[in-house]
Protein chains: 2
Amino acid sequence: MMHISAAAKTAELPVKTVRYYADIGLVSAPERSEAGYRTYDESAVRKLVFVRRAREFGFSIDECRELLSLYEDQNRSSADVKRIATKRLEEIAEKQRELQSLHDELAHLVDACKGDERPDCPIIDGLGWVVASE
Amino acid sequence: MMHISAAAKTAELPVKTVRYYADIGLVSAPERSEAGYRTYDESAVRKLVFVRRAREFGFSIDECRELLSLYEDQNRSSADVKRIATKRLEEIAEKQRELQSLHDELAHLVDACKGDERPDCPIIDGLGWVVASE
DNA sequence: GTTGACTCTCCAGTTACTGGAAAGATTACG
DNA sequence: CGTAATCTTTCCAGTAACTGGAGAGTCAAC
């Protein structure tokens, strides 16, 4: 049994965030000590770790909610979990493609820029190209 | 001279966003018609396009502010612009690396998951690995 | 003349927290 | 035992960059 700062430290989350997760009902509200302090047991901390990891994987809070209910459900099929994770994987791949074209386009502009004292600047011109090409 | 919906359409931005950009002072407040309608000329629309492009490149509103002032300044050196763009480029590259390791880690879990009716699930286990490995 | 499209302002909600104030509880030191 | 530092509580507000909606005024067309 520990108080919030120990739980937060163990789960590697800010104290504020731990409180927040209970406030929005992502994790269940913890028991309170006589003085009203939140108390956490090993199982509660485990769930916090689970959520932190899932968030690091880019799952939204709502996806975490879904994953957590699967995590807590002894009878869920691994197919349900795989479905969510695969969807997320596709989103990551899409984001990677976007980022790549962004990178290439901007790198091209930066390469073309002399970076000297003169005002000619392919980057500025490039950002306005839609109009410039009219 | 046009009203807001034509300007928004030309700049390929939502009407709400065009108003918003003026509200926060990112672009200067447009002239008003007698009835109080915002009116946009070619130069105003060009700046909206510039901002949209810069946002698409992932520049924050504050960076857009900076770029826009450089855009409007005939005397700025291209070095100033290159500095901002290069910084952004590094951020993109960093984000790409993060996304890649995320992708690899999650893909590994998804591959390991049978996705059947049984509750054994390497994805769920993997999300909790920090505790599981204790 | 009235229907429909367009515009205005203002307020609230979104996501996932984060910061700070004010007040009570606990612990550590001398 | 007193007190100072630390921890915890609640509540309110703010962040980024919009987005949605209400209620009201304006304009063009049939």
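On a predicted model such as this, the values are computed, not experimentally measured, just so you know. Chain letters run A, B, ... following the sequence lines, proteins first and then strands; every chain starts at 1.
If you check every strand for non-hydrogen atoms under 4.0 Å, Arg19(B) touches a base. Residue contacts shown for Arg55(B) are limited to sugar-phosphate atoms, with no base heavy atom under 4.0 Å away. Backbone-only engagement by Ser60(B) is indicated by non-hydrogen atom pairs under 4.0 Å involving sugar-phosphate atoms exclusively.
If you check the side chains of Gln100(A) and Gln96(B), you find a donor sitting under 3.5 Å from an acceptor.
For the pair Glu94(B) (side chain) and Glu91(B) (backbone), a donor-acceptor distance under 3.5 Å is absent.
Contact annotation: Ser5(B) does not reach the phosphate of dA5(C) (side-chain N/O to OP1 or OP2, under 4.0 Å). OP1 or OP2 of dT7(C) has not a single side-chain nitrogen or oxygen of Arg38(B) nearer than 4.0 Å.
Nearest-nucleotide assignment on DNA chain D puts the 5′-proximal partner with Asp23(A), out of Asp23(A) and Tyr21(B). In terms of position along DNA chain C, the nucleotide closest to Asp62(A) lies nearer the 5' end than the nucleotide closest to the other residue of the pair Ser33(A) and Asp62(A).
A side chain to side chain contact (heavy atoms under 4.5 Å, CB included) with Leu48(B) is found for exactly one of Leu26(B), Thr17(B), Leu13(B), namely Leu13(B).
Per the geometry, CD1 belonging to Ile61(B) stands 5 Å off P belonging to dC18(D), to the nearest Å. Put simply, CG on Leu13(B) is 8 Å from P on dC18(D), counting in whole angstrom units. What separates NZ of Lys16(A) from P of dT10(D) is a distance of 11 Å, to the nearest Å. Tyr20(B) has its OH atom 15 Å from the C1' atom of dC11(C), to the nearest Å. Distance Tyr37(A) OH to dT10(D) C1': 13 Å, rounded to the nearest Å. Put simply, CZ on Arg52(B) is 13 Å from P on dC18(D), counting in whole angstrom units. Whole-Å rounding puts the Ile24(A) CD1 to dT14(C) C1' distance at 13 Å. The CD1 atom of Ile4(B) sits 10 Å away from the C1' atom of dC8(C) (whole-angstrom rounding).
Distances were taken from every side-chain heavy atom of Thr17(B) (C-beta onward) to each of dC17(C), dT19(D), dT8(D); the shortest belongs to dT19(D). Side-chain proximity of Arg32(A) to dC17(C), dT9(D), dT7(C): nearest is dT9(D). Listed nucleotides dT19(D), dT18(C), dT7(C) differ in distance to Pro14(A); the shortest reach to its side chain belongs to dT18(C).
Heavy-atom contacts from other residues, nucleotides or ligands closer than 6.0 Å to CD of Glu31(A) number 12 or fewer.
Contact check on Arg53(B) versus Glu12(B) returns no salt bridge, with no Lys/Arg side-chain nitrogen under 4.0 Å from an Asp/Glu carboxylate oxygen.
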